[in-house]
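Written below as structure tokens is the structure these notes are about.
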Amino acid sequence: MSGTSEGPAATVVQVAVQTPAHAALGDLLSYLAPAALPPGTLVRVPLGRREVLGVVWEPAAAASEEPGSDALLPALRPVAAVLDGLAPLPAAWRDLVDFTARYYQRSRGEVALAALPPQLRDLDATQLARRLKRQAARPAAAPGAATDLPPEPSAEQAAVLAAVVQEAGPFLLFGSTGSGKTEVYLRAVADALAADGAAQALVMVPEINLTPQLEARFRARFAPLYGEDAVVAMHSGMTPPQRLAAWLAAHLGRARIVLGTRMAVFAALPRLALIVVDEEHDPSYKQQEGARYSARDLAVWRGRREGAKVLLGSATPSLESWHSSRPPEGEDPGGRYRRLAMPSRIGEGALPRVRLVDMTRQPGGTVLSPPLLEAIGERVARGEQSMVFLNRRGYAPVLACADCGWKSECPHCSAFRVFHKIDRTLRCHHCGFTERVPRACPACGNPDIAPVGRGTERLEEHLAELFAGVARPDGTPVRVARIDADSTRHEGALERQLAEVHAGDVDVLVGTQMIAKGHDFRRITLVAAANPDSALFSSDFRAPERLFSLLMQSAGRAGRDSAWLAAQGSTAEMWIQTHHPQHPLFDALRRHDYPAFAARQLAERQAAGMPPFSFQALLRADARTQEAAQAFLQAASSAAESLPEAARVMRYPPVPLAVQRVANVERAQMLVESDSRAALQRLLAGWQPLLHALRRTPEGKGIIRWLVDVDPQSI
Ligand code: ADP
Ligand code: ZN
Ligand code: ZN
């Protein structure tokens, strides 16, 4: 570590620092350093009145060598400290940051600093040195005895693994739910690590709640080979010291396997050999603030840059990846990805039979239809588990007064506050505004205000009432449980609740999509979607794709243990209650035919010129009034007229967001679209300075913020 305040500073270095998103400051800032610092070096530099963490970027500019340029130097401030105990961040990592910043229209400093563990920002050179010493002092844990005997790969698994070893990829593993994709990931990682004594692998999952079970499986498999320290996790649920330790382990090469959520795509991994993206279709891979990157897309980019293999996996791939992995046909040379398929479930298990309940034939207001209840009851009596999901948490989405028409609107948002019966609150799921439920209608005083519609809390209550008299095979009463964002708010709650399900203590599980994904439940034989209809007619063109994959995923939770199912003399079922049983989406679902569904969706998208046949970005503006937000977008649209790419990029009229007002901020957006990704990118780059300039004009006055979302996932 070297303090640098003494002695004459000789060289100018460019440093990436976290500057406010739309500050007028340039992308990189110049500082004086005593000597040239290698790019990627971490430094502490003054910024305003603070001292902040920065990363040295370009090689030092030649300015100080030019005669007569000395006059410029006094204006620059010196680097405060060089954190030279740590190896510089590699060029590949900086390239990833450069690309992300450029592609998603943000500054390099913002992307770089957001990609580093937060605690690193607060450490001075001495503190960092201490952390590094602690890392180095940890004895490399000795490999132990194998605790997890890998199963013999199925023929389909073996074929996929052979292709991954022999070919370059990127690969799209299209594998049914229960086909053993996780086992493929484990073996692909094992192959990569065995091939090179220093190789590292990155494995990403969409949700934090899927990391514990994944970590357990990877640990069981790899700790015996490479030691406990070889596997680290990276996600936002970890404490700052845990995140720093994991990050350092990866950067120093001690960690051979990093498991994490989307943020892990930026992990510093000097010897990256393989990237796995599980459930690659999942919208959670898209960051929704700051640089709105897609970790899936960055994984593919990073893999190419670093010569690492990339394996994307899903039972219902995104239409983008499906299209990119189409085999060559006729004139079409095919996509850039190699598609690998595993259509069969392990153990010859059949996928669940899909049963549609036509809700138009049920009495109005029916929550769970009699045949579904009967089916659940039969399973309870046989000691099997059922799962009912509903994508709406809370007790009821609205509380209303029948006398005067009052509804539990949020005063700050264009949305209703949700009634949570457990703590008798009305909560806004957009801005968080929470109040106790009023005793009587706030408008007319009527004491009979009533919940309208249903959320998971109410469904849980309803099921518990209905099954109150039913007994399990051992004579004990039925147990209904719920898992959603509310039930799992406390640390460790989710693990506890999942453990109860796995232990067989729960007969009927109610929940949101949180329980529909990824979990390897062994005793669930019936899954039901209580009310999936709203997604059928959403204005977002991706809604059918999302619904299809959610229903396929949910179905995938049923009957995962085929031997047990056979011993029970039972079969797995997926029930769907809908008012639109004729919808073609359900037809494909009934046949578990993702390719047919995808083919129809892609044909529609192609005809309409929508992604993946076009490329989109959203310009969003937030303001005090909707008029101001839209006026800014309109002015932005006019400004874009002057750009050379304007003719190749379609600009749609500004519209309010679906939830137009949140926390008293009005939101509007404008879609821009092109059949050329490059043209869209050039337009966005040329637009940036114009948008900054616009903020200083009358149209920019009322704007609170604006942002660009490239490849937006919801429109
Ligand atoms: P997916 O991720 O494709 O839904 P999993 O990887 O969870 O499927 O595998 C489903 C189940 O099959 C798991 O319990 C897993 O341990 C088991 N399994 C996977 N591969 C094999 C195999 N080759 N032989 C026996 N069991 C396997
Ligand atoms: Zn009233
Ligand atoms: Zn609100």
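Numbering of ligands and ligand atoms starts at 1, following listing order. Excluded from the calculations below are hydrogen atoms, water molecules and symmetry mates; all remaining heavy atoms, backbone and side chain alike, are included. Just so we're clear, the structure is a prediction, and the values are computed from it rather than from any experiment.
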- prompt: Under the 3.5 angstrom rule, does the side chain of Y594 hit a backbone N or O of P317 as a donor-acceptor pair?
  reply: yes

task: Answer yes or no: does atom CZ of R392 have more than 12 heavy-atom neighbours from other residues, nucleotides or ligands under 6.0 Å?
output: no

- prompt: Under 6.0 Å from the CZ atom of R439, do we count more than 12 heavy atoms belonging to anything else shown?
  reply: no

Taking non-hydrogen atoms only, is [X] closer than 4.0 angstrom to ligand 1 via side chain, backbone, both or neither?
| X | result |
| --- | --- |
| S179 | both |
| I346 | side chain |
| A315 | neither |

- prompt: Any N or O of G178 that comes nearer than 3.5 Å to an N or O of ligand 1?
  reply: yes

- request: Please determine if K181 has a nitrogen or oxygen closer than 3.5 Å to a nitrogen or oxygen of ligand 1.
  value: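 Among all N and O atoms of K181, at least one is under 3.5 Å from an N or O of ligand 1.
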
Which atoms form the tightest heavy-atom contact between [X] and [Y], and what is the distance?
| X | Y | value |
| --- | --- | --- |
| M234 | A264 | CB-CB, 4.1 Å |
| P151 | R221 | CD-NH2, 3.8 Å |
| V527 | A558 | CG2-CB, 3.7 Å |
| L340 | F171 | CD1-CD2, 3.6 Å |

Work out whether the distance between some heavy atom of [X] and some atom of ligand 1 is less than 4.0 Å.
| X | answer |
| --- | --- |
| G175 | no |
| R522 | yes |
| M342 | no |
| G556 | no |

task: Going by heavy-atom distance to atom 16 (O) of ligand 1, choose the closest among R217, E183, E152.
output: R217

statement: So OG of S284 and CZ of R262: to nearest 0.5 Å the spacing works out to 7.0 Å

- request: Everything protein-side that's N, O or S and under 2.8 Å from the Zn ion (ligand 2): list it, residue and atom.
  value: C401 SG, C404 SG, C441 SG, C444 SG

Ligand-residue contact atoms, ligand 1 with [X], heavy atoms, under 4.0 Å:
| X | value |
| --- | --- |
| P153 | 23 (N) |
| T177 | 4 (O) |
| D520 | 13 (C), 14 (O) |
| S176 | 3 (O) |
| S154 | 23 (N) |
| T182 | 2 (O), 5 (P), 6 (O), 7 (O) |

Looking only at protein heavy atoms, identify the closest one to [atom] and say how far it is in Å.
| atom | value |
| --- | --- |
| atom 20 (N) of ligand 1 | Q157 NE2, 3.0 Å |
| atom 24 (N) of ligand 1 | P151 CB, 3.4 Å |
| atom 7 (O) of ligand 1 | R560 NH2, 3.2 Å |
| atom 8 (O) of ligand 1 | G180 N, 3.2 Å |

Does the distance from a Lys or Arg side-chain N to an Asp or Glu carboxylate O, for [X] and [Y], drop under 4.0 Å?
| X | Y | value |
| --- | --- | --- |
| E457 | R393 | no |
| K181 | D278 | no |
| D191 | R187 | no |

Just checking: [X], one of its N/O/S atoms, less than 2.8 Å away from the Zn ion (ligand 3), yes or no?
| X | value |
| --- | --- |
| H430 | no |
| H429 | no |
| H412 | no |

message: Run E289 and Q287 through side-chain contact (heavy atoms from CB on, under 4.5 Å) and show every step you take.
response: CA-CA 6 Å; E289 58 192 37; Q287 167 75 18; 3.1 Å; yes

task: Start with the C-alpha distance between T525 and Q568, add both sets of side-chain angles, then the distance that settles side chain to side chain donor-acceptor pair (under 3.5 Å), and finish with yes or no.
output: CA-CA 10 Å; T525 62; Q568 285 283 104; over 6 Å; no

H323, E545, E280, H281 screened by side chain to side chain donor-acceptor pair (under 3.5 Å) with S318, the one that passes: E280

- request: Please list, chain by chain and in numerical order, all residues satisfying side chain to side chain donor-acceptor pair (under 3.5 Å) with S325, sequence neighbours excluded.
  value: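 For S325, the residues satisfying side chain to side chain donor-acceptor pair (under 3.5 Å) (neighbours in sequence not counted) are R339.
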
field: Geometric cation-pi criterion R256 and Y226, 6.0 Å radius, 45° cone
entry: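 Yes, a cation-pi geometry.
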
task: To the nearest 10 degrees, could you say what angle the Zn ion (ligand 3) makes with SG of C431 and SG of C413?
output: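 That angle works out to 110° after rounding to 10°.
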
field: Sole residue of F174, F597, Y337 in ring pair (Phe, Tyr, Trp, His ring centres under 6.0 Å) with W322
entry: F174

query: In terms of ring plane angle, is the pair F222 and F218 parallel, tilted or perpendicular, where the classes change at 30° and 60°?
result: parallel

